[in-house]
Amino acid sequence: ADGGDAELELSAARHQPEGLEQLLAQTKFTKKELQSLYRGFKNECPSGLVDEETFKLIYSQFFPQGDASTYAHFLFDAFDADRNGALCFQDFVVGLSVLLRGTVHQKLKWAFNLYDINKDGYITKEEMLEIMKSIYDMLGRSTHPPLRDSAPAEHVEFFFQKMDRNGDGVVTFEEFLETCQKVSSWARGVKFGITIV
C-alpha cells in the first residue's frame, strides 16, 4: 500500500502543467487557445493525467464501427513523449501543436515516431504491418468495397517499395522524409498524424 501511495503522490506532482510561458514557447498556440485546451483537458481528465486505458476509451468513441484499441495504443505511445505511461497536458498540447500547426518536417517526424514502435530509429516491415493491421481493425469491416485480409500486407509492401530506397529492409527517417516530401499527397496525409500509403 505504501508504494501505491507514493506513486499516487508522484502522479499528483507530475500532472501539474508547465507554466503558461513555457507552453507558449513550446507550442504554436496562443495564450487563449492554451487556456481553452487546458479547460477541456481538465474537464475530461480531472486528475490532469490520462492513462492508456482511458485514452483508448476516449479514442474508441471516434471509431465505433471497428476496434481502435491497438491503434490507440500506438497513438498513446507517440503522444507520451517522456515515456512515463501517462499523458499530461504538456504531452497532449505539444503533440497537438505539431499535428495541427507544425511544419511538414515536424509532422513527418511525429508520424515516423508513430510507426517506429520500438523507437530504434528504423521502421521495419513488422512494425509497419502492426500499424497497418491496427488501422484496418479501427476502420472495421463495414468499409465499401470490403477490404481483403491481405490488404495490410499489400500496403506494407507498397510502402517499402517506395520508402526503402537502399533496399536494406528498414526505413530510416531520412528515407521517410525524402520520399514523403516528394509525394505531396503523403505529406498532406500527415497533417492528421496518419500516413496511409
Side-chain angles (χ1 to χ4, degrees), residues 4 7-20 22-24 26-102 106-119 123 127-143 147 152 155 188-197:
E7 188 177 338
L8 191 59
E9 287 178 26
L10 182 59
S11 293
R14 249 191 268 148
H15 84 279
Q16 296 299 319
E18 297 296 327
L20 185 60
Q22 185 174 346
L23 288 175
L24 282 168
Q26 288 180 301
T27 68
K28 294 186 179 184
F29 292 119
T30 66
K31 181 178 179 179
K32 283 186 179 186
E33 289 170 326
L34 284 170
Q35 290 169 332
S36 177
L37 286 166
Y38 185 67
R39 279 191 300 274
F41 186 87
K42 285 294 280 187
N43 187 47
E44 291 296 320
C45 312
S47 71
L49 291 172
V50 179
D51 65 16
E52 186 173 336
E53 289 308 309
T54 304
F55 184 84
K56 285 179 180 180
L57 288 172
I58 293 168
Y59 196 77
S60 291
Q61 293 174 17
F62 297 103
F63 299 95
Q65 73 281 6
D67 178 2
S69 61
T70 304
Y71 186 74
H73 164 75
F74 297 133
L75 202 55
F76 180 87
D77 279 352
F79 271 103
D80 186 13
D82 57 10
R83 323 282 317 142
N84 68 355
L87 299 182
C88 64
F89 180 67
Q90 181 180 357
D91 293 332
F92 170 71
V93 78
V94 168
L96 193 61
S97 177
V98 168
L99 291 175
L100 296 178
R101 299 192 178 152
Q106 290 169 326
K107 291 173 185 180
L108 289 171
K109 184 72 175 168
W110 197 94
F112 183 87
N113 181 54
L114 173 71
Y115 294 135
D116 180 14
I117 296 171
N118 67 2
K119 311 301 179 220
I123 300 172
E127 288 173 317
M128 181 55 65
L129 186 58
E130 284 188 56
I131 296 283
M132 282 297 129
K133 284 180 179 177
S134 73
I135 291 170
Y136 280 88
D137 288 347
M138 180 175 62
L139 295 175
R141 296 277 180 195
S142 61
T143 58
L147 300 169
H155 270 104
R188 282 193 306 270
V190 171
K191 178 176 183 180
F192 300 103
I194 184 172
T195 306
I196 300 177
V197 292

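Predicted model only: the values in this text are computed from it and were never measured.
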Parallel, tilted or perpendicular: rings of Tyr136 and His155 (30°, 60°): tilted
Student check: side-chain heavy atoms of Tyr38 and Leu23 closer than 4.5 Å: no
Test side chain to side chain contact (heavy atoms under 4.5 Å, CB included) applied to Thr70 and Glu130, step by step: CA-CA 9 Å; Thr70 304; Glu130 284 188 56; over 6 Å; no
Minimum heavy-atom distance Gln65-Leu139, with the two atoms named: CG-O, 3.2 Å
Exercise: identify the closest heavy-atom pair between Leu49 and Ala86: CD2-CB, 4.1 Å
Shortest non-hydrogen contact from Lys28 toward Gly102: NZ-CA, 4.3 Å
Donor-acceptor pair, side chain of Thr54 and main chain of Val50, under 3.5 angstrom: no
Atom pair CD (Glu53) and CD1 (Ile58), whose distance is rounded to the nearest 0.5 Å: 11.5 Å
Rounded distance (nearest 0.5 Å) linking atom CG of Leu37 with atom CZ of Phe92: 6.0 Å
Steps toward side chain to side chain contact (heavy atoms under 4.5 Å, CB included) verdict (Phe79, Leu99): CA-CA 11 Å; Phe79 271 103; Leu99 291 175; 3.9 Å; yes
Exercise: identify the closest heavy-atom pair between Cys88 and Phe41: C-CZ, 3.8 Å
Gap between atom CD of Gln90 and atom CG of Asp82 - 0.5 Å precision: 8.0 Å
Lys107 versus Leu100, closest heavy-atom pair with distance: NZ-O, 4.3 Å
Donor-acceptor under 3.5 Å (Gln26 side chain, Val94 main chain): no
Atom NZ of Lys133: over 12 foreign heavy atoms under 6.0 Å: no
Euclidean distance, His73 NE2 relative to Asp80 CG, rounded to 0.5 Å: 10.5 Å
Sub-4.5 Å side-chain heavy-atom contact between Ile123 and Phe112: yes
Minimum-distance pair of heavy atoms, taken over all atoms of Ala68 and Ser60: CB-OG, 3.9 Å
pair Phe62-Met138: side-chain heavy atoms closer than 4.5 Å: no
Atom pair CD1/CG of Ile131 and Leu114 - distance to nearest 0.5 Å: 4.5 Å
Gap between atom OH of Tyr115 and atom CH2 of Trp110 - 0.5 Å precision: 9.5 Å
Other residues, nucleotides, ligands: >12 heavy atoms within 6.0 Å of Lys32 NZ: no
Main-chain N/O of Asn113 paired to Lys119 side chain as donor or acceptor, under 3.5 Å: yes
Trace of the side chain to side chain contact (heavy atoms under 4.5 Å, CB included) decision for Asp77 with Ile117: CA-CA 8 Å; Asp77 279 352; Ile117 296 171; 5.6 Å; no
Geometric class of the Tyr59/Phe55 ring pair [parallel <30°, tilted 30-60°, perpendicular >60°]: parallel
More than 12 heavy atoms from other groups under 6.0 Å of NZ on Lys31: no
